Amino acid sequence: MKQIIPKDIQDQAVVIPGSKSISHRMMICASLSSGTSNIENLLQSDDINLTMGALKQMGANIEYLKDHHYKVLGFGGTPHNCDSDIYLGNSGTSMRLLAGIAALGNTRYALTGDQRMCERPMIELLDALNMLGIDATSQNPNGTPPVYIRGGSREGGAVNIDCSKSSQYLSSLLMMGALMKNGLDISLDSPPVSSPYIDLTIDIMKKFNVKARQIDTTHYKVAGEQTYIPGNFFVEPDLSNAGYFWAIGAITGKMIFVENISENSLQGDLKQIKILEQMGCTLKIENNRIGVCGGTLNGIDVDMADTPDAVPAIAIVASFAKGKTRIINIEHLREKECDRIDAVSSQLIKMGITVTQGSDYLEITGGTPKGARIETFNDHRIAMAFSIPGLLVNGIEIENETCVEKSFPNYWNIFEAL
Ligand SMILES: O=C(O)C1=C[C@@H](OP(=O)(O)O)[C@@H](O)[C@H](O)C1
Ligand SMILES: C=C(OP(=O)(O)O)C(=O)O
């Protein structure tokens, strides 16, 4: 349990670690190549360790050099046989992206995770793989992990998938499809949630010389028989994690910069600065850093379908704002590390804030948050977001604070150094 002690902070700049989403993707693309890649500023966290462990089991040679710099010798287009289960904790990105990679192998892969991962959806991806002639099954009738993938058919072709619960399914098919004979022609029932993560996948594949494209919001294509080319890569800072510091700027009225980031980043959670600006914050966008400073905060209506990971931090800012904030189109938040709609709502209510929730929205009436012991549900984003009000309010305590290791192991050091 961590007690947060209120304190006066100054205007300042923070340096945060590399992006989790980019780190997963670069490790996977490098492993799919046939030569040596260098990846600098890789995020070192539980989830990235799980992806690296899996890729090693599949035959990649991954060596840590120093200072977040890794050397990867890929296994080429076909993962090696793998007798033991691949354990992926509660990393949805690892589970969904690597299921597609397993489908490129010649034997059976068993992908499993912790108790929560075994409740998170996978059936839509398994159905799509089966449509492509790949034997993909689950131990559970509802399709949740453990899942068993037996590669074999690399024909590719047309496939349909439902991405209303996760964009990670589509990222998986795109990365895998480039190595199939006929590529993939992927149609969706409706536009995917979390769509900026798909743009990120396509962009990182491009850095490895592999092309995939969006035809329209429900149609994607990737040509087959492409080759992932190794190279030297750099992981930019994680903009989901930048959001906690921007939110601190918002509620304290201090200018908090996050260093080494650009307004041209493809990370969807860059959008947090626009949301905070709409709530009354001032932005400073400089050459290589972006700062947010709070003013009089007001509630807003905001669609966060594209930026699910930013919801807890924005909800905290909303609890300090004047009036109501409605965060809509976030049903997929119920499928994350915990049911995040419920977690945000229950913990804000504990802090004396009025919150109502619907199946796909949160409505927060700003007020005067008070101290509370915060249950994190083993969700890093709940732990980090709810630490923020502790800078202003007495009595905030965060249970199981080490859960931040999923994506941001040195969060508490940076937070405490503010
Ligand atoms: O592809 C990715 O790197 C991610 C996609 C998002 O998930 P969904 O697409 O399941 O919403 C996001 O919540 C997750 O933290 C990372
Ligand atoms: C949902 C998240 O990650 P994942 O889906 O990879 O578990 C997250 O980091 O907030």
Side-chain angles (χ1 to χ4, degrees), residues 17-29 43 45-51 54 88-100 111 113-125 144-145 161-175 188 191-205 235 238-241 243-244 266-269 271-272 304-314 329-341 343-344 360 376-385 403-409 411:
S19 151
K20 171 165 80 81
S21 294
I22 297 177
S23 296
H24 281 300
R25 287 161 173 75
M26 283 193 173
M27 268 294 160
I28 294 172
C29 292
L43 171 66
S45 79
D46 284 355
D47 282 12
I48 300 305
N49 286 338
L50 290 164
T51 285
L88 299 168
N90 190 9
S91 177
T93 313
S94 311
M95 177 62 74
R96 279 71 173 254
L97 267 48
L98 291 169
L111 274 55
D114 71 5
Q115 195 187 333
R116 175 60 183 170
M117 189 70 244
C118 293
E119 295 167 1
R120 295 178 67 187
M122 271 298 268
I123 188 111
E124 297 81 0
L125 182 56
T144 58
I161 186 160
D162 173 1
C163 290
S164 59
K165 291 205 177 97
S166 175
S167 68
Q168 293 167 352
Y169 305 150
L170 181 51
S171 290
S172 184
L173 292 177
L174 290 168
M175 288 172 123
L188 313 182
V193 291
S194 308
S195 67
Y197 291 96
I198 298 161
D199 303 337
L200 203 59
T201 302
I202 293 175
D203 182 64
I204 292 167
M205 288 168 65
V235 180
D238 191 302
L239 299 190
S240 311
N241 288 340
Y244 304 108
L266 287 182
Q267 291 181 64
D269 284 356
K271 206 169 147 194
Q272 290 177 100
M304 292 188 74
D306 276 352
T307 53
D309 294 354
V311 169
I314 296 295
N329 289 329
I330 53 170
E331 191 162 12
H332 51 316
L333 257 77
R334 297 198 184 274
E335 314 288 354
K336 303 287 182 190
E337 283 80 332
C338 68
D339 175 340
R340 277 190 190 147
I341 295 186
V344 166
D360 64 350
T376 51
F377 308 95
N378 206 25
D379 185 336
H380 54 148
R381 302 208 185 275
I382 301 298
M384 293 188 276
C403 62
V404 301
E405 284 170 22
K406 186 178 200 282
S407 67
F408 198 165
Y411 175 73

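Note that this is a predicted model, so its numbers are computed, not measured. Ligands are counted one by one from 1 in listed order, and the atoms in each one are counted from 1 as well.
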For K165, which of H332, E124, E331 qualifies under side-chain hydrogen bond (donor to acceptor under 3.5 Å, both in side chains)?
-> E124
Do side-chain atoms of R116 reach the backbone of K336 as a donor and acceptor pair under 3.5 angstrom?
-> yes
Would you say the side chains of S195 and D306 form a donor-acceptor pair under 3.5 Å?
-> yes
Is there a side-chain contact between I204 and C29, using heavy atoms and a 4.5 Å cut-off?
-> yes
Going by atom types alone, do D162 and S164 pair a side-chain donor with an acceptor below 3.5 Å?
-> yes
Considering only heavy atoms from C-beta outward, does the side chain of N241 approach that of S407 to under 4.5 Å?
-> yes
Could you list the residues that satisfy salt bridge (charged side-chain N to carboxylate O under 4.0 Å, His left out) with D379, not counting sequence neighbours?
-> R340
Under a 4.0 Å heavy-atom cut-off, what residues line ligand 1?
-> K20, S21, R25, T93, S166, S167, Q168, S194, Y197, P308, D309, H332, K336
F408: partners by ring-ring contact (aromatic ring centres under 6.0 Å, His included), with sequence neighbours left out = Y411
Identify, chain by chain and in numerical order, each protein residue with a heavy atom under 4.0 Å from an atom of ligand 2.
-> K20, N90, S91, G92, T93, R120, Q168, D309, K336, E337, R340, H380, R381, K406
Under 3.5 Å, is there a donor-acceptor pair linking the side chains of R120 and T144?
-> no
